[in-house]
Amino acid sequence: MCTYISECFQENISRRSAENQKYMKIHYKFMSKFNKIRARIKDSKTHRIFKCPSCGQKIRVPKGKGRISIKCPKCRIEFIKKT
Ligand SMILES: [Zn+2]
């Protein structure tokens, strides 16, 4: 317990700012997640994600190019996909 009002006040402020930081952290986490999802939705209109048949590496390719050969950057295997 605090003996002076000013101490009480300061404690209250520090506790509040800690709460605020916690809130901001959650808020930031949520916003970055939300932005990521939004970016992914926007991206899915122009790009497609293919998985390498050999190593499972995800490869992002532009859409609407027809049949293209995709080269895996990891294992350097090439495969044909329609985008
Ligand atoms: Zn691969």
Side-chain angles (χ1 to χ4, degrees):
M1 278 302 281
C2 36
T3 44
Y4 297 102
I5 293 167
S6 63
E7 267 181 37
C8 239
F9 190 66
Q10 269 191 347
E11 199 186 285
N12 200 14
I13 281 180
S14 65
R15 199 183 293 159
R16 214 180 279 171
S17 79
E19 264 172 29
N20 198 37
Q21 261 177 11
K22 212 165 129 190
Y23 168 76
M24 284 310 286
K25 228 175 176 175
I26 291 165
H27 179 75
Y28 180 75
K29 222 174 167 181
F30 174 77
M31 282 311 283
S32 67
K33 207 174 175 182
F34 179 73
N35 280 338
K36 244 183 225 171
I37 290 167
R38 210 165 59 169
R40 207 179 296 158
I41 289 167
K42 203 178 165 191
D43 197 67
S44 73
K45 281 179 186 163
T46 53
H47 289 81
R48 273 196 78 169
I49 306 287
F50 288 113
K51 244 184 181 179
C52 170
S54 167
C55 68
Q57 168 79 32
K58 281 180 187 162
I59 304 152
R60 187 169 158 274
V61 292
K63 250 184 178 179
K65 297 274 179 195
R67 277 162 62 91
I68 55 163
S69 87
I70 301 157
K71 198 173 182 184
C72 172
K74 211 171 170 185
C75 61
R76 303 193 181 281
I77 216 170
E78 263 185 72
F79 55 100
I80 307 283
K81 282 278 180 194
K82 211 181 148 203
T83 64

**Item:** Remaining members of hydrophobic cluster (4.5 Å side-chain criterion), Ile68
**Value:** Phe50, Ile59, Val61, Ile70, Ile77, Phe79

**Prompt:** Applying salt bridge (Lys or Arg N to Asp or Glu O under 4.0 Å), which residue pairs with at least one partner in residues 44-59 are found, sequence neighbours left out?
**Reply:** none

**Request:** Go through the structure and list residues passing side chain to side chain contact (heavy atoms under 4.5 Å, CB included) with Ile80, not counting sequence neighbours.
**Result:** Arg67, Ser69

**Prompt:** Which residues, ordered by chain and number, are linked to Met24 in its hydrophobic cluster, where ILVMFWY side chains connect at heavy-atom gaps below 4.5 Å, directly or through other members?
**Reply:** Tyr23

**Asked** Which distance, rounded to the nearest 0.5 Å, do you find between the CD of Glu78 and the SG of Cys52?
**Response** 11.0 Å

**Request:** Quick one: pull up NZ in Lys65 and OG1 in Thr83 and give me the separation to the nearest 0.5 Å.
**Result:** 8.0 Å

**Complete:** Separation between NZ (Lys42) and CD1 (Ile37), nearest 0.5 Å, reads 15.5 Å

**Prompt:** For the atom pair CD (Gln21) and OH (Tyr28), what is the distance rounded to the nearest 0.5 Å?
**Reply:** 14.5 Å

**Closest approach of Ser44 to Lys63 (non-hydrogen atoms, all atoms of both residues)** = O-NZ, 3.0 Å

**Message:** Test of understanding: with salt bridge (charged side-chain N to carboxylate O under 4.0 Å, His left out), list the residues that count as partners of Arg16, not counting sequence neighbours.
**Reply:** none

**Residues forming a side chain to side chain contact (heavy atoms under 4.5 Å, CB included) with Arg60, sequence neighbours excluded** = Asp43, His47, Ile49

